[in-house]
Undergrad: 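Structure below; questions to follow.
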Amino acid sequence: MDRVPAANELSFRVGFTGHSGHLAIEPLPPVERLSPLQGLPDFILPPAFPKETPETIKEYIKEKHLQLGLDEDVFSPQNSGRQWDFDWFDRAEIQLEPSMPRSVVVPSWEMPCRRKARQSELERWEPESVEVDVSEMMIGAEDSGALPRIVGPAKDFVRGSLKNRPFRPGGLDNADSLGKIFPEGACNGEWARELLHGGPAQVRPPGFKDGLDLGDLKAHSCTWNVYEKASAEKSTSDVKLNELSVQFDDLFKKAWDDDVLKFVGDDHMPASETPTESVTESLRTESEEENLHAVDDVIKKESSILDEILSVESAESTPRLDGDANGGGQRPKEGWAFSGGSEQITERFHELVPDMALNFPFELDPFQKEAIVYLERGESVFVAAHTSAGKTVVAEYAFALASKHCTRAVYTAPIKTISNQKYRDFCGKFDVGLLTGDVSLRPEASCLIMTTEILRSMLYRGADIIRDIEWVIFDEVHYVNDVERGVVWEEVIIMLPRHINFVLLSATVPNTVEFADWIGRTKQKQIRVTGTTKRPVPLEHCLFYSGELYKICENEKIIPQGLKAAKDVYKKKNSATVTGTASYSGSSAANERARTQRRENSTHVKQNKHSVSQNMVNFTGGNWGTQSSGSNNWSSRRSEASIWLSLINKLSKKSLLPVVIFCFSKNRCDKSADNLPGTDLTTSSEKSEIRVFCDKAFSRLKGSDRNLPQVVRVQALLRRGIGVHHAGLLPIVKEVVEMLFCRGVVKILFSTETFAMGVNAPARTVVFDSLRKFDGKEFRQLLPGEYTQMAGRAGRRGLDKIGTVVVLCRDEIPEEKDLKHVIVGSATRLESQFRLTYIMILHLLRVEELKVEDMLKRSFAEFHAQKKLPEQQQLLMRKLAQPTKVVECIKGEPAIEDYYEMYSEAESYSKMITEAIMLSQVSQQYLTPGRVVVVKSQLAQDHLLGVILKTPSANYKQYIVLVLTPELPSILNTPSDDRESKGVGFQVLVPKSKRGWEDDYYSSGMSRKGSGIVNIKLPHRGFAAGVNYEVRGVENNEFLSICHNKIKIDQVRLLEDVSAGAYSNTVQQLLTLKSDGNKYPPALDPVKDLKVKDMKVVEVYYKWTNLLHKMAQSKCHGCVKLDENIKVARELKRHKEEVNALKFQMSDEALQQMPDFQGRIDVLKEIGCIDADLVVQIKGRVACEMNSGEELICTECLFENQLNDLEPEEAVAIMSAFVFQQKNTSEPSLTPKLSQAKKRLYDTAIRLGELQADFKLQVDPEEYAQENLKFGLVQVVYEWAKGTPFADICELTDVPEGMIVRTIVRLDETCREFRNAAAIMGNSALYKKMEIASNAIKRDVVFAASLYITGV
């Protein structure tokens, strides 16, 4: 810096000092005179940086930032082979958000049949390129909600995060709930209207709780003068009418297409007038403007976004082979599911798909070709076929298409065993990854195999990998019927974005098209339904009884001769010991009771799982299960062994091995295998193969685990060609059995029904140990779908010409109707198991664009109701457009509606009052002459005050009652002095001067005893004391009320002498009772007088009497036009009820689970998961992490700090109660600390159960706690976490080894969830504790790698 001269010739310099860059002034020495030598210039060094020019800057930017290249420091030869695992996005100081181009060039796809013919075999099709708008390509951004979203960090790419919003589900693209939500005040214009009318300036924006605090500042007063041109009024109304007519036209689009246009086609309308204009004009003239306003309001408020099928054009319903796929959003004319067209596709298959993405070494079946063509067209497919029919071919082709299109495909399976097996099957063909609860292999692969629960979690957590998915393959779709987990399938189908296509694989079910139609309607895309009912290997069904096989069914037809032959042998064998044949149906109930009793007894006995031969467990002597006595245990066991030996010998002689024998309990599988101690079905080479395979498989276990009793026992069975497969086996043992069975060296396999679902391993023969099973609640017969699923394992495609299914019979032969129902009966329909869960509600509440009501509407359970919605909309509009009748009142303002409401309510109580009170013996005692009563009028819409004149007798079966009628009749007879007038139908009281002595007033004391003869003709009408009266016969069920009062009457003069004076006296007494202002005297007390003990009846009786009094005080009471007006009121109310019913059915309140939803919302508010505005709080975010256990109990456990005072081993032991599933176990022995923690957690569950019950949820607190907390493995997990060997912990409980392993594996997933929850809560101590607990249980045989994944 240059010198700065000062006043005193001192100089200083200014510089920067320190890291903060402060200015510093430093003095300089005085200036010396320069000598000539010093004036010579020294050698000047070149500048450190060359001078920058625009050209050099441009070249530097181009070389540094625009040219592609690798960082020499990072990607040097010395660093080759190294890997860096860190998040580039987290390292960036500024989030990179490059601007997107407005358009992009992409290749255009063309149907294979439309492509130009290839000149040679080597020539390949080259797609043309077209320019498209980027907005059409942005699948991820706009599908995630109203606001755009950027790609999240790499660690959340696959699993997602609670910070992400879910992608917009397909089929909700035009939903109002998914748009930007504005507060009501900002939409209705109230704030503007208030301002225009002189209101103060707005300081609080609409929808905000608080606004600007202006303090003492006040708004300046101002007024507005608003003028409106008169000419604009007409135009505005015309615009409104046009808008309304457009709305009207849109809603009636389908009706016009079907009816009006057809009417025009028949030359019923001039050609110059378009159909739309004509119909619109007629609707304008026929409907009033207020009705149109009402229609507009109703449709805007009540219409469902799911079925906007009336406002779009109808698509052709016939399937086209050459047309483009319907891209969704347009409603086909006859539904969303299409089937048929396989014959044309089969003939033209190679023309339609000349360049297949995957070639198969065999000829495809017609349904496979049809499905492949639809996949090539980018359409969703539903394939329904029997087991082993080749459905997997369709899944493989979807994988191949994903690889070809550089997208991803997801294969979902209901259970982890299928996922592992499919991973092994597809590993050599495709780029495959595996995602399950405890395994994550190659998640970056293009083809991912996962459980359905994992996919649901990815959808709720908004995983970015969803953007890349093109196909989702649902295997075993009929698993949607599962009560516990079926809801997962519906959730996933509803939540998938619109760009994802479906491949659904299912067994044959009756309502395939219905289910596909639901998916298509929900996702607004066509679903192609294909499949086959033909089995690749036909089945024959046989009964095995007394050492022989009897064929009873072949080609889906029952053979009565075989069944008759088996029954003849049964009768002949049992003729000496059995007096009569025990029918199958008659003995089933007793056998079921016996089984239930045995089951209850077995729960109290702790059995040794390892020494099976020492267990003296009773075996059923009959096919349906009969209890053997203790003295016959040994003989029963020998008989059981002889049955199995005879069956195996028979199958071996007929070359029907290998065989899968389905037993419906784990214990029975083990016992049945042990009943064949001397059976050896393997050759020496097979024994060697089995031994080598087992040695390799079990070599990954450490020494003590290799010698586990179960491992040793299963190996001994396998060497003899016998296998056992059930949930109680260790996972590695099950995999060994499955692989050896697939190799063909295992000849006999005793298995539970999970083998039919989880393993693709067909056999030559299938045997059913019984046709009855225990489903967790009761013993019942097998369903046809269950039988078909298991029987489908019989017959190996390409090896067997026919598969054999055998039903084992012991002591009885089933009836033909039962066999026919099970074997050839219709399979179980796909039924919705959708139910609301707290975690589902919380996930949806996290995103305001998604509503829980939308999820409920789109469930399979609401499918039929939502399908009828367009018809209900049309019906509602017709109801609202109907002209309504007007009540004409002759007494001023109409009050008939209120009167009819009271009348209707009284009618609803009428039957109960009549049966409980009026017809009772106590009330009959009060119905005596002189008792004041209230009686129904002849119109049955009014009621009259009266008095009983005579009780029923031999001549008269009815009560004779005098009632006061309010109006004069229309025709009056002239009064006469003749005595003959006494018997006429109408009587008027004559003047006093003309009365006879018998017409004068008489007291009751002067009355004489009569003969009981009635000299009047009923009904007898008259006029006295200024009112009309009538004497009529009344049934006891016509009494509305029995009054407390009783008057004096002269029965002889009233009925025999027909004295006008007596009638006048009686009428005046009745009028006196009404003089106090009440229309009727008080009724008898139901408790004191009528002795009614039912409090509900007493309450209704009081309401009833009050209604009668209110009706009597109404001006409509007794009106001559009451009958006519009642009919009008009834019609008006019926119309109103129909309109309200239609509105209710179209609203969210009509959803089946809406009451349950409201109750669960109240529970979440009460415990603090959401606030009053339904905003998810931190407690709710923690609950969203809980997938393996009950979310409410887990969340409360964390927020109550119940794990803080526990060691990691104790904490993970208590957490086992969340994931353990077996109900009946031996009682564990716990430490005092664990016992206290157990009680504390159980009390929390009881409290939550009581809270849910208080909010009207169908929850029993005790059942809720016992169902979600099972403490049977607390001691086992505690010892395992402390390092105890697996063989030792198995001795602590009677739970099978497989269940122990499964629980601990799931427990590791629970530890991860609790760790993530601790991170959300900020509880670092709990986070560390969960890490230690997870590491403590992850060891040895429990976490041995799957053989399907690592190989043998």
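Any value given below was found using the heavy atoms of this structure, including those in side chains, with hydrogens, waters and symmetry copies removed.
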Undergrad: Under a 4.0 Å threshold between the charged nitrogen and the carboxylate oxygen, would Lys1233 count as salt-bridged to Glu1209?
TA: no

Undergrad: If you define the side chain from C-beta out and look only at heavy atoms, does anything of Met450 sit under 4.5 Å from Val158?
TA: no

Undergrad: Using side-chain heavy atoms (C-beta onward) and a distance below 4.5 Å, is Leu708 in contact with Leu730?
TA: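 In contact.
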
Undergrad: Of the non-hydrogen atoms in Ala1281 and Val1212, which two are nearest, and what is the gap between them?
TA: CB-CG1, 3.9 Å

Undergrad: Drop me the distance from Glu853's CD to Gln1153's CD, to the nearest 0.5 angstrom.
TA: 12.5 Å

Undergrad: Between Val488 and Arg456, which heavy-atom pair has the shortest distance, and what is it?
TA: CG2-NH1, 3.7 Å

Undergrad: Restricting to non-hydrogen atoms, name the atom on Cys1184 and the atom on Ile839 that form the minimum distance, rounded to 0.1 Å.
TA: O-CD1, 3.5 Å

Undergrad: Starting from the C-alpha separation in whole Å, work towards a yes-or-no answer on side chain to side chain contact (heavy atoms under 4.5 Å, CB included) for Arg1306 and Gln1221.
TA: CA-CA 11 Å; Arg1306 291 191 62 194; Gln1221 295 180 340; 2.9 Å; yes

Undergrad: Answer yes when Arg1247 and Asp1243 have at least one side-chain N-carboxylate O distance shorter than 4.0 Å, and no when they do not.
TA: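 Salt bridge absent between Arg1247 and Asp1243.
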
Undergrad: Evaluate whether atom CD of Glu1200 has more than 12 neighbouring non-hydrogen atoms of other residues, nucleotides or ligands under 6.0 angstrom away.
TA: yes

Undergrad: Please give me the minimum heavy-atom distance between Thr1284 and Arg1339, naming the atom from each residue.
TA: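 Closest approach of Thr1284 to Arg1339: O-NH2, 2.9 Å.
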
Undergrad: Kindly write out the residues that satisfy ring-ring contact (aromatic ring centres under 6.0 Å, His included) with Phe860, not counting sequence neighbours, or none if the list is empty.
TA: Phe515, Trp518

Undergrad: Quick one: do the Glu490 and Ser832 side chains pair a donor with an acceptor below 3.5 Å?
TA: yes

Undergrad: How long is the gap from CD1 on Ile1178 to CZ on Phe1199, to the nearest 0.5 Å?
TA: 5.5 Å

Undergrad: Determine whether Ser1346 and Glu735 satisfy the following criterion, side-chain hydrogen bond (donor to acceptor under 3.5 Å, both in side chains), listing intermediate values before the conclusion.
TA: CA-CA 8 Å; Ser1346 171; Glu735 292 176 350; 2.6 Å; yes

Undergrad: Quick check: does any side chain N or O of Gln1158 sit under 3.5 Å from a backbone N or O of Met1154, one acting as donor and the other as acceptor?
TA: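 Checked: no pair found.
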
Undergrad: Let me see the working for Leu1326 and Asn1201 under side chain to side chain contact (heavy atoms under 4.5 Å, CB included), right down to the final yes or no.
TA: CA-CA 9 Å; Leu1326 180 61; Asn1201 297 322; over 6 Å; no

Undergrad: Might you confirm whether atom NZ of Lys1223 has over 12 heavy atoms from other residues, nucleotides or ligands at distances under 6.0 Å?
TA: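 Count not over threshold, so no.
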
Undergrad: Can you tell me how far apart CD1 (Ile494) and CE (Met840) are? Round to the nearest 0.5 Å.
TA: 8.0 Å

Undergrad: With a 4.5 Å limit on heavy-atom distance, are the side chains of Arg461 and Asn164 in contact?
TA: no

Undergrad: Are the side chains of Glu862 and Phe834 in contact, using a 4.5 Å heavy-atom criterion?
TA: no

Undergrad: Can any side-chain N or O of Lys1256 pair as donor or acceptor with the backbone N or O of Ala1253 at less than 3.5 Å?
TA: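 Flag not set: sc Lys1256 to bb Ala1253 has no pair under 3.5 Å.
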
Undergrad: Between Ser1188 and Thr1310, do the side chains contain a donor N or O and an acceptor N or O under 3.5 Å apart?
TA: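 Yes - a donor-acceptor pair under 3.5 Å links their side chains.
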
Undergrad: Mark yes or no for whether Arg835, through its side chain, and Glu484, through its backbone, hold a donor-acceptor pair below 3.5 Å.
TA: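 Yes, because the side chain of Arg835 sits within donor-acceptor range (under 3.5 Å) of the backbone of Glu484.
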
Undergrad: Answer whether the closest heavy-atom distance between the side chains of Asp482 and Pro414 falls below 4.5 Å.
TA: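 The answer is no; the side chains never approach within 4.5 Å.
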
Undergrad: Keeping Asn481 on the side-chain end and Glu831 on the backbone end, is there a donor-acceptor pair under 3.5 Å?
TA: yes

Undergrad: Are the side chain of Gln1275 and the backbone N or O of Ser1229 linked by a donor-acceptor pair below 3.5 Å?
TA: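 Confirmed, Gln1275 side chain pairs with Ser1229 backbone.
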
Undergrad: Could you tell me whether the side chain of Gln1252 and the main chain of Val1259 form a donor-acceptor pair under 3.5 Å?
TA: no

Undergrad: Should we say atom CZ of Arg1302 is surrounded by more than 12 heavy atoms from elsewhere, each under 6.0 Å from it?
TA: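 No, the 6.0 Å shell around CZ holds no more than 12 heavy atoms from other groups.
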
Undergrad: Grab the two heavy atoms, one from Gly728 and one from Pro1296, that are nearest each other, plus how far apart they are.
TA: CA-CB, 3.5 Å

Undergrad: To the nearest 0.5 Å, what is the distance between OG1 on Thr451 and CD1 on Ile418?
TA: 11.0 Å

Undergrad: Within the 4.5 Å heavy-atom criterion, are Glu453 and Asn1187 side-chain neighbours or not?
TA: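 A side-chain contact under 4.5 Å is absent here.
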
Undergrad: Which residue, Met1330, Lys1329, Glu1331, Lys1328, forms the side-chain contact (heavy atoms from CB on, under 4.5 Å) with Pro1208?
TA: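 So, applying the side-chain contact (heavy atoms from CB on, under 4.5 Å) to Pro1208 and each of Met1330, Lys1329, Glu1331, Lys1328, only Lys1329 qualifies.
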
Undergrad: Under 4.0 Å between a Lys/Arg side-chain N and an Asp/Glu carboxylate O for Asp156 and Lys163?
TA: no

Undergrad: Please check: side-chain N/O of Ser457 versus main-chain N/O of Ile454, any donor-acceptor pairing under 3.5 Å?
TA: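 A pair under 3.5 Å: no.
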
Undergrad: Apply the test side chain to side chain contact (heavy atoms under 4.5 Å, CB included) to residues Arg485 and Ile415: give CA-CA distance (whole Å), side-chain angles for both, the deciding distance (0.1 Å), then the verdict.
TA: CA-CA 10 Å; Arg485 300 172 58 206; Ile415 54 180; 3.8 Å; yes

Undergrad: With no hydrogens and no angle check, is any side-chain donor or acceptor of Glu476 less than 3.5 Å from a backbone partner on Tyr479?
TA: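 Checking the backbone N and O of Tyr479 against the side chain of Glu476, no donor-acceptor pair under 3.5 Å is found.
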
Undergrad: About how many Å separate CD1 of Ile1170 and CG of Leu845, when rounded to the nearest 0.5 Å?
TA: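 Taking CG in Leu845 and CD1 in Ile1170, the distance rounds to 5.5 Å.
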
Undergrad: Quick one, Val492 and Phe474 - any side-chain contact, counting heavy atoms below 4.5 Å?
TA: yes

Undergrad: Just wondering, do Tyr1278 and Leu1292 contact through their side chains at under 4.5 Å, heavy atoms?
TA: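 No, side chains not in contact.
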
Undergrad: For the atom pair SG (Cys1194) and CE (Met1215), what is the distance rounded to the nearest 0.5 Å?
TA: 8.0 Å

Undergrad: Is the backbone N or O of Val1175 less than 3.5 Å from a side-chain atom of Asp1173, with the two atoms forming a donor-acceptor pair by type?
TA: no

Undergrad: Any Lys/Arg nitrogen of Arg1312 or Asp1308 sitting under 4.0 Å from an Asp/Glu carboxylate oxygen of the other?
TA: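 Salt bridge flag = yes for Asp1308 with Arg1312.
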
Undergrad: Please check this pair: side chain of Arg846 against backbone of Leu162, looking for a donor-acceptor N/O pair closer than 3.5 Å.
TA: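 Pair found, side chain donor or acceptor close to backbone of Leu162.
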
Undergrad: Looking at Val487 and Gln833, what are the two nearest heavy atoms and their distance?
TA: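 Result for this residue pair: CB-O, 3.8 Å.
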
Undergrad: Output, in order, the C-alpha distance, side-chain angles, deciding distance and verdict of side chain to side chain contact (heavy atoms under 4.5 Å, CB included) for Val472 and Leu496.
TA: CA-CA 9 Å; Val472 171; Leu496 282 174; 4.2 Å; yes

